[in-house]
Amino acid sequence: PDFPVAAQPESRPTPPAATQAPSKEKKESKGSDLMSFDEASVAVMDSDAEPSPFLIDFGTRPKPAWLVENLDELTLLNPNGEPVLLPVEIDPQLGVAVDGLRELIWSSLWADASAIHIEPQQKAYQLRFRVDGVLHTFGEVPIREARCVVEALRRLCELEPRPERLAESGRFVAETSPEHVFTYRAHFVSTGLGPRAVLRRIERSLVTRQLETLGLDLGSVALLSKAIEQERGVVLFCGPSGSGKSTSVFCAAGTIDPEGRTLGVVEATREYPIASAVYLSTELFASKGLAELLGEAIQQDSDVVVVDSIADHQTATVALEAAVNGQLILATMDAPDVYSAITRLIGWGVEPYLVATGLSIVTSQRLIRTLCPACRRQYEPDPAVLEKRGLASLPHGAFYDAVGCPKCLRTGFQGQTGIFEVVQINQALRDVIIGRPGPVELRRAVTAQTNQTLQESAYKQVIDGTTTLPEADRVLPSD
């Protein structure tokens, strides 16, 4: 599809005004940290003759109501939450580069992009946004200009200058209002064509969402809510990377009443802040493993501990033993489905009795794109297609196909929702796990306790007219 291109000069929002330069003493103390931008790069970025390649015009796509019209109202904050001062008088190159960065962030917020990719190519840099879980290319940027913005990003994240920067991570914050604050995780890596940067957006307000807004049906919400109210057990959210499991586990943690229970969080990045929670210091993650840190949180007499994520035998054993001994653990795990999560735990060498008695609920999930209401098109699917998916005999409304229009960036989709499989580990399933079953027996036992399978959840979204059959097939795990 034809995606938007860089905005023309007349369509650009008001460019940001230069903010106050820091004092001379502060500037001198950081003088060695500043990379020298060559004059040619500055000339490219400071030219008024060409529109900025970082400012993208999405035409008739609706802007979020909270997105500021003027770029100078978009505040960039360093990891300490301090506003970034543009030292235009002292270092005009950096000021212009930060302006380009601000334009890029503003454009991505308009597109509702969850990630920004700044990728070096042979003759230019490529800008790609991940919108509704899918990457789209939105333009190219001259190499010198792009490298200036990448360097501005590094300084915004307050990364230390090094002779060789092979791979680094940092974070910063973009704020349009006190109610709309976005944390960005930035990762930089050196490639044969130059530095590459990926910015992943974390919306802090997600932790205040109710479980039912994630896409869970009422029965699954009831099961999860009951498990979270219990004093013990492991509530495990699993799925591949990008499936929304971290959002789900922190939404679940956000429902806990802080008056009667203490909440500890073992998460290095602190992307999902919960006001009443106790986060372990990020410095501890440099010297201790996840299992050891989980033990530290447990020793702090935490009633509930959030772990993101369980990825080895030692961490899994500590979490399950804590659950058996009377603590509630909310955790994530990379596994395609509930059956795979259980087999992976046993495959790591965790004793089956500990898996069976420690687990309370296991949830598998995916994110599925929802149809654009402005351009979706009704159609009658082939009966053989419905029969193959077991949908022919089910009551349903109209089926819709994705078309594409300017409002949805011509993708046919706008937004995402979750599909879920929620399994309660009851006594019948515990008995099967303890008996060290074969793959067929275990899968059959898991399916018997499933509220609804991932496939049923996905096809329900199709029947309701929320998404399409091809989209459901795209996100479902292959057998």
Side-chain angles (χ1 to χ4, degrees), residues 211 214-217 219-230 232-241 243-253 255 304-313 315-324 327-348 350-367 418-437 439 441-458 476-477:
L211 288 172
L214 300 177
L216 288 156
D217 64 274
S220 297
V221 170
L223 283 175
L224 276 171
S225 298
K226 183 177 180 180
I228 295 168
E229 290 172 359
Q230 301 301 309
R232 59 165 298 277
V234 173
V235 178
L236 187 62
F237 295 85
C238 62
S241 177
S243 61
K245 57 185 181 292
S246 292
T247 297
S248 296
V249 75
F250 281 97
C251 280
T255 65
V304 185
V305 179
V306 178
V307 189
D308 191 24
S309 66
I310 293 177
D312 55 53
H313 164 269
T315 307
T317 300
V318 173
L320 290 165
E321 286 180 345
V324 170
Q327 286 175 304
L328 180 64
I329 308 294
L330 307 180
T332 66
M333 180 178 173
D334 286 333
D337 51 35
V338 174
Y339 160 79
S340 299
I342 295 173
T343 56
R344 188 163 296 179
L345 289 170
I346 296 174
W348 284 341
V350 181
E351 289 296 329
Y353 81 88
L354 192 56
V355 175
T357 55
L359 288 178
S360 173
I361 276 186
V362 184
T363 296
S364 176
Q365 66 182 91
R366 298 290 190 279
L367 291 176
I419 58 172
F420 293 84
E421 176 185 23
V422 180
V423 176
Q424 184 178 27
I425 312 299
N426 58 14
Q427 191 58 50
L429 187 51
R430 288 192 188 100
D431 291 341
V432 172
I433 296 172
I434 291 174
R436 299 178 182 271
E441 183 184 355
L442 178 58
R443 187 179 288 276
R444 187 183 298 120
V446 168
T447 302
Q449 304 303 328
T450 301
N451 190 43
Q452 67 175 0
T453 65
L454 273 178
Q455 186 179 59
E456 290 169 344
S457 181
L476 286 171

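Just so you know, these numbers come straight off a predicted model, no measurement behind them. Sequence positions, counted from 1, serve as the residue numbers for this chain.
- Atom CD1 of residue I433 and atom CD of residue E441 lie 11.0 Å apart, to the nearest 0.5 angstrom.
- Remark: the backbone N or O of A311 is not paired with any side-chain donor or acceptor of T315 at under 3.5 angstrom.
- In this structure, a donor-acceptor pair under 3.5 Å is absent between the side chains of S457 and E421.
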Q | Residues V235, L224; criterion side chain to side chain contact (heavy atoms under 4.5 Å, CB included); working and verdict | A | CA-CA 8 Å; V235 178; L224 276 171; 3.9 Å; yes
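- Across S241 and D334, no two heavy atoms sit closer than the pair N-OD1, 4.3 Å.
- Nearest heavy-atom pair, A356 versus I425, reported as atom, atom and distance to 0.1 Å: O-CG2, 3.9 Å.
- Here D308 does not pair with K245 in a salt bridge; the nearest charged N to carboxylate O distance is not below 4.0 Å.
- Put simply, the side chain of L320 does not reach to within 4.5 Å of the side chain of V324, judged on heavy atoms.
- By the 4.5 Å heavy-atom criterion applied to side chains, T450 and V422 are not counted as neighbours.
- In this structure, the side chain of Q365 engages the main chain of S243 through a donor-acceptor pair within 3.5 Å.
- Judged purely by distance below 3.5 Å, without hydrogens or angles, the side chains of N451 and S220 pair a donor atom with an acceptor atom.
- Considering only heavy atoms from C-beta on, L345 stays 4.5 Å or farther from H313 through its side chain.
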Q: Could you please spell out the steps behind the side chain to side chain contact (heavy atoms under 4.5 Å, CB included) verdict for Y339 and L442?
A: CA-CA 7 Å; Y339 160 79; L442 178 58; 3.9 Å; yes
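- In this structure, L216 CG and T363 OG1 are separated by 7.0 Å, a value rounded to the nearest 0.5 Å.
- For the atom pair CD (Q230) and CD1 (I361), the distance works out to 9.5 Å, reported to the nearest 0.5 Å.
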Q: Verify side chain to side chain contact (heavy atoms under 4.5 Å, CB included) between L476 and I419, making sure each step is shown before the conclusion.
A: CA-CA 9 Å; L476 286 171; I419 58 172; 4.2 Å; yes
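- In this structure, CG in L359 is found 6.5 Å from CG in L236, a value given to the nearest 0.5 Å.
- In this structure a side-chain-to-backbone donor-acceptor pair under 3.5 Å is present from E456 to T453.
- The two residues V234 and A323 make their nearest non-hydrogen contact at CG2-CB, 3.6 Å.
- For S360, there are no side-chain hydrogen bond (donor to acceptor under 3.5 Å, both in side chains) partners two or more places apart in sequence or in a different chain.
- The backbone N or O of A445 lies less than 3.5 Å from no partner atom in the side chain of Q449, so there is not a single donor-acceptor pair.
- Side-chain N or O atoms of R366 include one that pairs as donor or acceptor with a backbone N or O of P336 at under 3.5 Å.
- Pairing each heavy atom of A319 with each of I310, the nearest pair is CB-CD1, 3.9 Å.
- The shortest distance between side-chain heavy atoms of S364 and L454 falls below 4.5 Å.
- Using a 4.5 Å cut-off on side-chain heavy atoms (C-beta onward), F250 and L330 make no contact.
- Atoms CG and CZ, on D337 and R344 in that order, are 9.0 Å from each other to the nearest 0.5 Å.
- Counting only heavy atoms from C-beta outward, the side chains of L211 and S225 approach each other to under 4.5 Å.
- The shortest non-hydrogen separation linking T357 to Y353 is OG1-O, 2.6 Å.
- Taken to the nearest 0.5 Å, the CG atom of L328 stands 10.5 Å off from the CD atom of E229.
- The side-chain heavy atoms of V249 and V306, taken from C-beta on, include a pair separated by under 4.5 Å.
- The nearest pair of heavy atoms linking S248 to F420 is OG-CE2, 4.0 Å.
- Side-chain contact check for V304 versus Q327: every heavy-atom pair is 4.5 Å or farther apart.
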